[in-house]
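Note that ligands are numbered from 1 as they come in the structure, with each ligand's atoms numbered from 1 the same way.
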Amino acid sequence: MQVDTRHNPNQQLRDVLHIIATHPETEPCITLILQTAAQFTGATGAAYYSLHQTTITVGEAAALDVDFETAATLDAPLFDSVGHFLICPVRNPDRMLGVMGLSLDSDFQFGDAERDFISALVDGLVIVAGRASAQLEYKKLMRSQNEFVRLVSHDLRSPLTSMRGFADMLGMVGELNERQGQFVEKVLSGVVQITALVDNIQDAGRFDPETGFYEMTRSQCDLRDMLTTIVSSYLIPAEKQDLKINVDVSDDVPIINADSNMLVRAITNLVDNAIKYTPNGRKVDVISYVRDGSVVIGVRDSGLGISPEDQKQLFQRGVRVQRAEHKKVKGSGLGLFIVKSVALRHGGDAWVESEMGVGSIFSFSIPLKGANLVIPDENAG
Ligand code: ADP
């Protein structure tokens, strides 16, 4: 990214501010601001020193000749003691964010035009650095929340497992009458629901590509086997809803080198949703095929469908469609976030195609390249 400031500085300033308002990444935006400041003032170098101890430099930026804390107390741009380094504090109304410095020639004239231009760029830095610092705070918060969730879900898991085990065994230690049998069924179904929720809360935290701490373990994954196994565990709920559920894997789908635990969790969430959001007596297809250099895994239903408006936010954490027929179904809004996280951590993506009242197909892709490829074993015969 580069903007030429020599011809029409105001226009160039507008261009820079537009780019930084729309570009999501911090470093290229700060570099653009520094380049623009250096080009306009003829500085030999420029630097941004952030409060988080990261420095971004363009050209030959001199070292900051004033300690950071003193620079941070300045109200306006000031030349350092040597007189060649313009120090510009970068702060928003709440706090200090950093300092921009420009290495200038000794005969540089710091007139009104220069002052206005530099202050506009500093305003730009306030936006970018403020955004970056908010993102950092968010990530810190998410990390501590993830850690908390990890501990809580770990502690919840063992009592849930023993509740399930003992409820399962009740019928073995003495014959249950019909009502007792029904009550045990209800206890078991409650335990299964809480376990699924705990799994989703835990996975949404640890799989999150930005703040999760999950370390991927790759192994050879046969999608045909995986999809068939997952679907067979849903045959009873599908039968209860009189749903037909098919698996269709194209012949060209190869074995991939992926994290099977993550894939199972993503596919399970999609199949679970398709069953939950499809009325009785219809059909669900679980498919896999190769398209544009990726393996795609998709789950097609003939259920409620989702409007284009509701599709926009669907893969974000905690988002549920706010319609009566969706709210009737129990859920936490974490399943699709997990699907997207699993796809992104394998370098792919997740998406939905849907029509209201007709049905949806939720898909995610795993690119057939890099670590996802199975490397042929040279020693194999
Ligand atoms: P939830 O636990 O609420 O199902 P998800 O993240 O899995 O969470 O899904 C988010 C929302 O997307 C759901 O609340 C539902 O409204 C909608 N949705 C997901 N899958 C389907 C589907 N197959 N058909 C219709 N709506 C769906």
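- For atom 4 (O) of ligand 1, the nearest non-hydrogen atom of the protein is Y277 OH, 2.8 Å.
- The ligand atoms of ligand 1 that sit less than 4.0 angstrom from a heavy atom of L314 are 12 (O).
- In terms of protein heavy atoms, atom 19 (C) of ligand 1 is closest to N273 ND2, 3.5 Å.
- Applying the 4.0 Å criterion to heavy atoms of V321 picks out, from ligand 1, the atoms 14 (O), 16 (O), 17 (C).
- Proximity annotation for atom 10 (C) of ligand 1: of V352, L304, V339, V319, V319 comes nearest, heavy atoms only.
- Closest to atom 1 (P) of ligand 1 by heavy atom, among G333, S302, G305, is G333.
- Heavy-atom contacts of L336 reach the following atoms of ligand 1: 5 (P), 6 (O), 7 (O), 9 (O), 10 (C), 12 (O), 19 (C) (cutoff under 4.0 Å).
- Using a 4.0 Å cut-off between a side-chain N of Lys or Arg and a carboxylate O of Asp or Glu, D242 and R282 do not qualify as a salt bridge.
- Ionic pairing of K328 and E325 is not present here: no N-O contact between side-chain nitrogen and carboxylate oxygen is shorter than 4.0 angstrom.
- Taking the six-membered ring where tryptophan is involved, the planes of F117 and F40 are essentially parallel, since the angle between them stays under 30° and well short of 60°.
- Judged purely by distance below 3.5 Å, without hydrogens or angles, the side chains of R157 and Q202 pair a donor atom with an acceptor atom.
- Within a 6.0 Å sphere centred on CG of D292, heavy atoms belonging to other residues, nucleotides or ligands number 12 at most.
- Nearest approach of P28 to H23, heavy atoms of both residues: CG-CE1, 3.9 Å.
- Of the polar atoms of K330, none of the N or O atoms is found under 3.5 Å from an N or O of ligand 1, judged by distance alone.
- The residue from S332, S354, G335, G303 that puts a heavy atom closest to atom 2 (O) of ligand 1 is S332.
- Partners of K244 according to the side chain to side chain donor-acceptor pair (under 3.5 Å) rule, which considers only residues two or more places apart in sequence or in another chain, do not exist here.
- Atom 22 (C) of ligand 1 has F362 CE1, 3.5 Å as its closest protein atom, hydrogens excluded (heavy atom only).
- The part of D301 lying near ligand 1 is the side chain, judged by heavy-atom distances below 4.0 Å.
- Residue contact check: G331 has heavy atoms under 4.0 Å from atoms 1 (P), 2 (O), 3 (O) of ligand 1.
- The I306 neighbourhood of ligand 1 comprises atoms 25 (C), 26 (N), 27 (C), with distances under 4.0 Å to a heavy atom of that residue.
- With a 4.0 Å heavy-atom cut-off, ligand 1 is reached by no atom of R323.
- Listed by atom number, the atoms of ligand 1 under 4.0 Å from S360 heavy atoms are 24 (N).
- Salt-bridge check for R265 with D203: passed, with a basic side-chain N closer than 4.0 Å to an acidic carboxylate O.
- Contact check for F364 versus D349: no side-chain heavy atoms found under the 4.5 Å cut-off.
- Distance from atom 26 (N) of ligand 1 to its nearest protein heavy atom, with residue and atom name: H326 CE1, 3.2 Å.
- Residue L334 touches ligand 1 through its backbone alone, judged by heavy-atom distances below 4.0 Å.
- Comment: D285 engages K283 in a salt bridge, judged by a side-chain N to carboxylate O separation of less than 4.0 angstrom.
- Counting heavy atoms of neighbouring residues, nucleotides and ligands inside a 6.0 Å radius, atom CD of Q109 does not exceed 12 of them.
- Looking at atom 14 (O) of ligand 1, its nearest protein heavy atom turns out to be R320 NE, 3.0 Å.
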